[in-house]
Amino acid sequence: MAAEAGDKAFYVTTPIYYVNDAPHLGHAYTTVAADMIARWHRQRGERVWFLTGTDEHGQKVMRSAEAAGVEPSEWSDRLVETEWKPVLEVVDASNDDFIRTTEQRHVERVQRFWQALYDAGHVYEGRYEGPYCVSCEEFKIESELEDGQDGEKLCPIHGRPVEILSETNYFFRMSAFADRLLALYEEHPEFVQPESMRNELISFVRQGLQDLSITRSTFDWGIPVPWDPDHVLYVWIDALLNYVTAAGYSTNPEAFAQIWPADLHLVGKDIARFHAVIWPAMLMAAGIDVPRTVFAHGWLLVGGQKMSKTKLTGIHPRDIVDHFGSDAFRYYFLRAIQFGSDGSFSWEHMTAVYTSELANGLGNLASRVAAMVGRYFDGTLPKPTDHGPAEDVIAEKLADAARRADAAIDRFALHEALAATNELVGAVNVYVTEQEPWKVAKSDADSDRARLATILYTAAEALRAIAVLHNAVMPKASGALWESLGAAEQLGALAEQRVQDAGTWGQLPPGATVTKTAALFPRLPEEPAGS
RNA sequence: GGCGGGGUAGCUCAGGCGGUAGAGCAAACGGCUCAUAAUCGUUGUGUCGCCGGUUCGAGUCCGGCCCCCGCUACCA
């Protein structure tokens with residue numbers, strides 16, 4: 001992409017995923033949403049930086065590694081290579097970088113960050129006090145404790161009473177930033193989205209903030225605290241920094257200035273607070289710009305419940321992609337769920353959407369148009385010499401769909417962007433049916449040939465725009481459609497087509513070679529592969 | 001307990017500034033035959049969570065109640 005030197009890139013991130021376990025649909029959902037946004041911005045001609053990665057420190061990873069009988073670093077390496085990196089291929093993610101919190105570039109920069117805050121007086125030594133389970137050898141959090149007899153609090157794993165212990169560790173003076181955070185939410189309503197999450201966080205911060213304990217000394221799988229080697233940094237405090245360490249914080253100011261601040265941190269709603277309270281407070285303390293927007297999406301529900309391994313609803317993305325393909329995976333989750341709200345997933349619903357909208361809708365439209373150009377014009381796109389009112393309607397709908405889709409992306413209404421394009425597909429199917437080109441084709445009269453040519457051109461030109469508008473969600477199928485329209489040799493690579501121009505009528509030049517290719521979305525085998 | 005969101009056709013959800021309910025999918029019927037048994041058209045259906053109130057008239061406003069979910073700080 002030709003971007004002026006000095007242009008700031010559009011920087012979008014997913015959370016870095018905790019390597020405690022294998023990826024499930026929830027992770028893939030976030031990745032795919034971020035990926036669509038990244039691809040869309042690239043197709044606006046913007047320079048884009050799309051980051052994802054893995055979070056590898058902390059007690060849970062250490063315990064998982066222990067349970068597997070290997071060192072934490074070995075455990076992480078294995079999961080990253082066999083699960084987390086491969087799943088990006090599975091869902092067709094186009095990330096520009098992948099950061100691991102165990103990488104040297106991250107560790108060094110994190111240490112530099114905290115040393116700076118320590119030097120500036122934002123960190124002090126204090127005592128952390130909390131419920132501790134002797135059997136687990138770790139501190140517990142209030143919310144996970146179970147109630148025992150006469151008010152005792154029990155460890156959920158061992159069922160035995162917890163003790164209140166304290167340890168010395170370091171605290172970040174987060175309490176000092178409450179007012180500045182509230183001012184941020186006030187002055188930049190777009191900082192936390194959706195609105196409901198913003199309200200929740202405002203009421204949370206209004207209650208006042210406590211200082212945050214940022215180090216642990218009871219285990220060592222973490223980044224060493226530079227001024228006190230007996231401590232490691234608390235995972236969150238290390239993990240959040242990935243967004244700046246990957247961007248070159250503290251070592252590469254030129255690169256950093258072109259990427260930071262992040263335009264969008266996409267997160268699940270369960271970790272919104274870390275991203276919209278703790279994270280900006282850390283950045284404020286360091287004198288670094290805060291990100292522009294933290295968007296919290298909803299959860300995927302299976303059978304009405306949040307997905308979880310223990311309830312056997314932790315579906316692996318590959319299970320679905322193997323059956324439906326990566327394009328359909330991406331399309332379904334971004335189209336069927338209002339982005340920001342929780343959404344239900346079921347094989348049945350996904351099958352219904354695939355069949356109706358992709359196979360019978362878009363796929364069949366592409367197929368019938370290509371077949372007719374082949375049959376009636378030997379595969380050469382004819383000139384539309386009889387453009388009339390019916391064609392104007394299609395041209396207008398196309399322009400409208402392109403406008404709506406582009407505007408929807410800026411509101412993170414990904415489902416609306418897809419709905420706009422899907423409606424266009426429907427309109428073109430209606431148009432083709434009403435114009436009855438197969439009947440017009442029965443006559444060799446010049447006026448009928450002109451009409452036939454115009455009908456097929458119109459449908460093909462609409463498909464051209466549909467390929468452009470759907471490229472960010474379904475890069476494979478859109479690319480196949482692009483090829484089938486003969487657009488590549490005429491207009492250049494699909495990825496180079498600007499979404500802003502997608503709605504301009506008449507781009508696909510007559511003379512293009514239209515080929516009927518394999519079905520874009522083949523009919524599915526009877527039984528879902530994974531069920 | 002407090003705060004917030006939600007309970008609407010078989011399914012997923014819109015509407016929610018009051019005027020006897022909508023979309024998509026699924027279903028039924030009809031048209032068409034270029035196409036992936038596809039496409040197009042037509043059609044139905046709903047005690048709009050429960051009870052009461054205001055009103056000529058209430059999913060839509062008020063009061064009460066029932067159920068579900070989220071937040072109420074250090075699991076990522």
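In what follows, chains carry the letters A, B, and so on, assigned in the order in which the sequence lines appear, proteins first and then strands, with residues in each chain numbered from 1.
Distance CH2 (W299(A)) to P (rC71(B)): 6 Å, rounded to an integer number of Å.
Against the 90° criterion about 0, the sugar-base torsion of rG59(B) places it in the syn range.
Among the heavy atoms of the strands lying under 4.0 Å from S213(A) is at least one base atom, whether or not backbone atoms are also near. Among the heavy atoms of the strands lying under 4.0 Å from Y128(A) is at least one base atom, whether or not backbone atoms are also near. When heavy atoms are screened at a 4.0 angstrom cut-off, L520(A) is found touching base atoms of the nucleic acid. Counting non-hydrogen atoms under 4.0 angstrom, G268(A) reaches nothing in the nucleic acid.
Regarding contacts with the backbone of rC40(B), every side-chain N or O of Q435(A) stays at 4.0 angstrom or more from both OP1 and OP2. The side chain of Y234(A) contributes an N or O atom lying less than 4.0 Å from OP1 or OP2 of rA76(B). Distances shorter than 4.0 Å separate some side-chain N or O of N360(A) from OP1 or OP2 on rU39(B). Using a 4.0 Å cut-off, some side-chain N or O of K516(A) falls inside it from OP1 or OP2 of rU36(B). Here W236(A) reaches the OP1 or OP2 of rA76(B): one of its side-chain N or O atoms lies under 4.0 Å away.
Taken together, the paired segments of RNA chain B that extend over three or more consecutive Watson-Crick or G-U pairs, each closer than 3.5 Å at both contacts, are B:1-7 with B:66-72, B:10-13 with B:22-25, B:27-31 with B:39-43, B:49-53 with B:61-65.
Paired with Y17(A) under the rule side-chain contact (heavy atoms from CB on, under 4.5 Å), one option of V87(A), T52(A), V80(A) passes, and it is T52(A). Here the rule is ring pair (Phe, Tyr, Trp, His ring centres under 6.0 Å) with F324(A), and of Y354(A), Y331(A), F521(A) only Y354(A) fits it.
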Please tabulate, one pair per line, all N/O donor-acceptor pairs under 3.5 Å involving side-chain atoms of residues 232-242 of chain A, not counting sequence neighbours.
{"from": "D238(A)", "atom 1": "OD1", "to": "H106(A)", "atom 2": "NE2", "distance (Å)": "2.7"}
{"from": "D238(A)", "atom 1": "OD2", "to": "H57(A)", "atom 2": "ND1", "distance (Å)": "2.6"}
{"from": "N242(A)", "atom 1": "ND2", "to": "A239(A)", "atom 2": "O", "distance (Å)": "2.8"}

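rG31(B) and rG15(B): their P atoms are spaced 38 Å apart (whole Å). Look at the P atom in both rG63(B) and rC68(B): the space between them is 23 Å, to the nearest Å. Comparing rU33(B) with rG19(B), their C1' atoms are spaced 46 Å from each other, to the whole Å. For rC11(B) and rC17(B), the C1' atoms lie 31 Å apart once the distance is rounded to whole Å. For the P atoms, the distance linking rG1(B) with rU47(B) amounts to 31 Å, nearest Å. For the C1' atoms, the distance linking rG7(B) with rG16(B) amounts to 14 Å, nearest Å. Distance check on atom C1': rG5(B) versus rG18(B) gives 23 Å, rounded to whole Å.
Here the side chain of I271(A) is nearest to one of rG70(B), rU36(B), rA76(B), namely rA76(B).
By the side-chain contact (heavy atoms from CB on, under 4.5 Å) test, S447(A) is found to be paired with A445(A), residues two or more places apart in sequence or in another chain being considered. Residues passing the side-chain contact (heavy atoms from CB on, under 4.5 Å) test with E483(A) are A488(A), sequence neighbours excluded. Among residues two or more places apart in sequence or in another chain, the side-chain contact (heavy atoms from CB on, under 4.5 Å) test is passed with F204(A) by L209(A), R273(A), V277(A). Judged as a side chain to side chain donor-acceptor pair (under 3.5 Å), and not counting sequence neighbours, R449(A) has no contacts. Shown here are the side chain to side chain donor-acceptor pair (under 3.5 Å) partners of S326(A), two or more places apart in sequence or in another chain: K476(A).
For residues 422-437 of chain A, every residue pair satisfying the salt bridge (Lys or Arg N to Asp or Glu O under 4.0 Å) rule, not counting sequence neighbours, is listed here: R404(A)-E423(A), E436(A)-K439(A). Residue pairs meeting the salt bridge (Lys or Arg N to Asp or Glu O under 4.0 Å) criterion with at least one partner in residues 369-384 of chain A, sequence neighbours excluded, are absent. The stretch residues 512-525 of chain A participates, sequence neighbours left out, in no salt bridge (Lys or Arg N to Asp or Glu O under 4.0 Å) pair at all.
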Between protein and nucleic acid, restricted to nucleotides 32-34 of chain B and to nitrogen or oxygen atoms under 3.5 Å apart, what atom pairs and distances do you find?
{"from": "rC32(B)", "atom 1": "O2'", "to": "W438(A)", "atom 2": "NE1", "distance (Å)": "3.4"}
{"from": "rC34(B)", "atom 1": "O3'", "to": "R375(A)", "atom 2": "NH2", "distance (Å)": "3.3"}
{"from": "rC34(B)", "atom 1": "O2", "to": "R368(A)", "atom 2": "NE", "distance (Å)": "3.1"}
{"from": "rC34(B)", "atom 1": "N3", "to": "R368(A)", "atom 2": "NE", "distance (Å)": "3.4"}
{"from": "rC34(B)", "atom 1": "N3", "to": "R368(A)", "atom 2": "NH2", "distance (Å)": "2.7"}
{"from": "rC34(B)", "atom 1": "N4", "to": "R368(A)", "atom 2": "NH2", "distance (Å)": "3.2"}

Check: protein-nucleotides 5-7 of chain B nitrogen or oxygen pairs below 3.5 Å:
none

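In this structure, F412(A) and F295(A) have tilted ring planes: the angle between them lies in the 30° to 60° band.
Along RNA chain B, the nucleotide closest to V430(A) and the one closest to L362(A) are compared, and the more 5′ of them pairs with L362(A).
In plain terms, the two heavy atoms of A480(A) and L520(A) that are nearest each other are CB-CD1, 3.9 Å.
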